[in-house]
Protein chains: 2
Amino acid sequence: MAPLPSTTNSLTMAPPPSTTISPIVILIVRVLTFISLLFSVIIIATNTATSTVATSFGLIDIKINFSAFYAYRYMVATGVIGMAYALLQTAFTIFYVTTGTRFGGDGLAFLDFYGDKVFSYLLATGAGAGFGLTVDLKQNDDSETNSFLNKAIAAASLLLIGFIFSAISSVFSSLSLSKKAV
Amino acid sequence: MAPLPSTTNSLTMAPPPSTTISPIVILIVRVLTFISLLFSVIIIATNTATSTVATSFGLIDIKINFSAFYAYRYMVATGVIGMAYALLQTAFTIFYVTTGTRFGGDGLAFLDFYGDKVFSYLLATGAGAGFGLTVDLKQNDDSETNSFLNKAIAAASLLLIGFIFSAISSVFSSLSLSKKAV
């Protein structure tokens, strides 16, 4: 038997299956990003420690919160910005899931691609900053700082998890770009 | 005049121009990544400070280097791993530039894509950790720590620059993926 003519087939073929990701999976990853960042921000923003300091009035207790540390302020900033982006993308993805078409058409695929890259890198630096400060502060850990630093580690871990989900979204939007290009 | 039959054309068309990046540009970005990381690692690994500490023998001067801080060890680790990867990719790109074909064929495009993503994220967390620790240590800066911390900021800045170049490589390899898919 002669081989079938395959030229037409190969020119009109569907995109490779590996680049087709269900919108539901995309939506779930966006929502998980948002939830991780939300808990990270809540934990770090409500984290307080009491420190006894010597003043002209004698020893007094002062409250210390995240804003005393630049790294924790940066964590909160990246977490909040990441949440806003994840929420926006969640809305777009819900639109996609319910209507079957992408908001703004396929032209926005490049915006997703670059947006996901920028915001996932931002979250990576935020998680890095959180761990970078906290792990070394833990070297001088005492009863006054122990709970504060443990919560900071928890918040940094959640930021790291949020970053990993956003990195997965970034892989999806890159692969989706190659699907659009076909 | 009747419109030309465009079906054949659109099916066999070349990839969009925006996804065609000159191999020379790709090579330059890889080399710049390597150089930035090399200088970052040299600066942080040779950075030392002298601190006067009270011991049972009285006051003595001790040398402190990067290994006293987890964040700086992590910076060195990410910098060295990033350098090894940038060097490997530089070799592949030189092969591409000189022979006109990709080492291992187009099948390695996916490896570039995922590799660039992973290593650029790694460098982002390394830069984040470096700044996260150093910026807050600068709050307690004194004459003994000033030079050490300034060099740490310089090393973290070079790591950040290396990360930005690696992120550009990652954009290239993602776009190249969509070119391969056509």
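Proteins get letters first, then strands, A, B, ... in listed order; numbering begins at 1 in each.
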Worksheet item: Do B:I24 and B:F34 sit in the same hydrophobic cluster, where Ile, Leu, Val, Met, Phe, Trp and Tyr count as joined when their side-chain heavy atoms come under 4.5 Å apart?
Response: yes
Item to complete: Heavy atoms only, distances under 4.5 angstrom: which of A:A127, A:A124, A:A68 has the most pairs with chain B? Name it, please.
Response: A:A124
Practice prompt. Return the minimal non-hydrogen interatomic distance between A:A71 and B:G132, and the atom names on each side.
Written response: CB-O, 3.6 Å
Discussion item. Quick check: is A:V118 connected to B:F131 through a chain of hydrophobic side chains (ILVMFWY, heavy atoms under 4.5 Å apart)?
Written reply: no
Item to complete: Count the heavy atoms of every other residue, nucleotide or ligand shown that sit under 6.0 Å from CZ of A:F95, and state whether that count exceeds 12.
Response: yes
Discussion item. Contact between A:K138 and B:Y70 at the side-chain level, heavy atoms closer than 4.5 Å - yes or no?
Written reply: no
Worksheet item: Can you get from A:L137 to A:I44 by hopping between Ile, Leu, Val, Met, Phe, Trp and Tyr side chains that sit under 4.5 Å apart?
Response: yes
Worksheet item: Where on A:T134 is there a heavy atom nearer than 4.5 Å to chain B: the side chain, the backbone, both, or neither?
Response: neither
Practice prompt. State, yes or no, whether a side-chain contact exists between A:V135 and B:F69 at a heavy-atom distance under 4.5 Å.
Written response: no
Worksheet, complete the sentence: For residues 150-171 of chain B against chain A, heavy atoms under 4.5 Å, the residues are B:F163, B:A167, B:S170, B:V171
Worksheet item: If you count heavy-atom pairs under 4.5 Å with chain B, which of A:L123, A:L133, A:T125 comes out on top?
Response: A:L133
Response to the item:
So CG of A:L177 and CG of B:L177: to nearest 0.5 Å the spacing works out to 9.0 Å
Fill in: Validation row: A:L175, B:F113 side chains within 4.5 angstrom (heavy atoms)
yes
Worksheet item: Which bit of B:Y121 is near chain A, if near means a heavy-atom gap under 4.5 Å: side chain, backbone, both or neither?
Response: both
Worksheet item: Can you get from B:I81 to B:V41 by hopping between Ile, Leu, Val, Met, Phe, Trp and Tyr side chains that sit under 4.5 Å apart?
Response: no
Worksheet item: For the hydrophobic clusters of this structure (ILVMFWY residues joined by side-chain heavy atoms under 4.5 Å, transitively), does one cluster hold both A:I28 and A:I21?
Response: yes
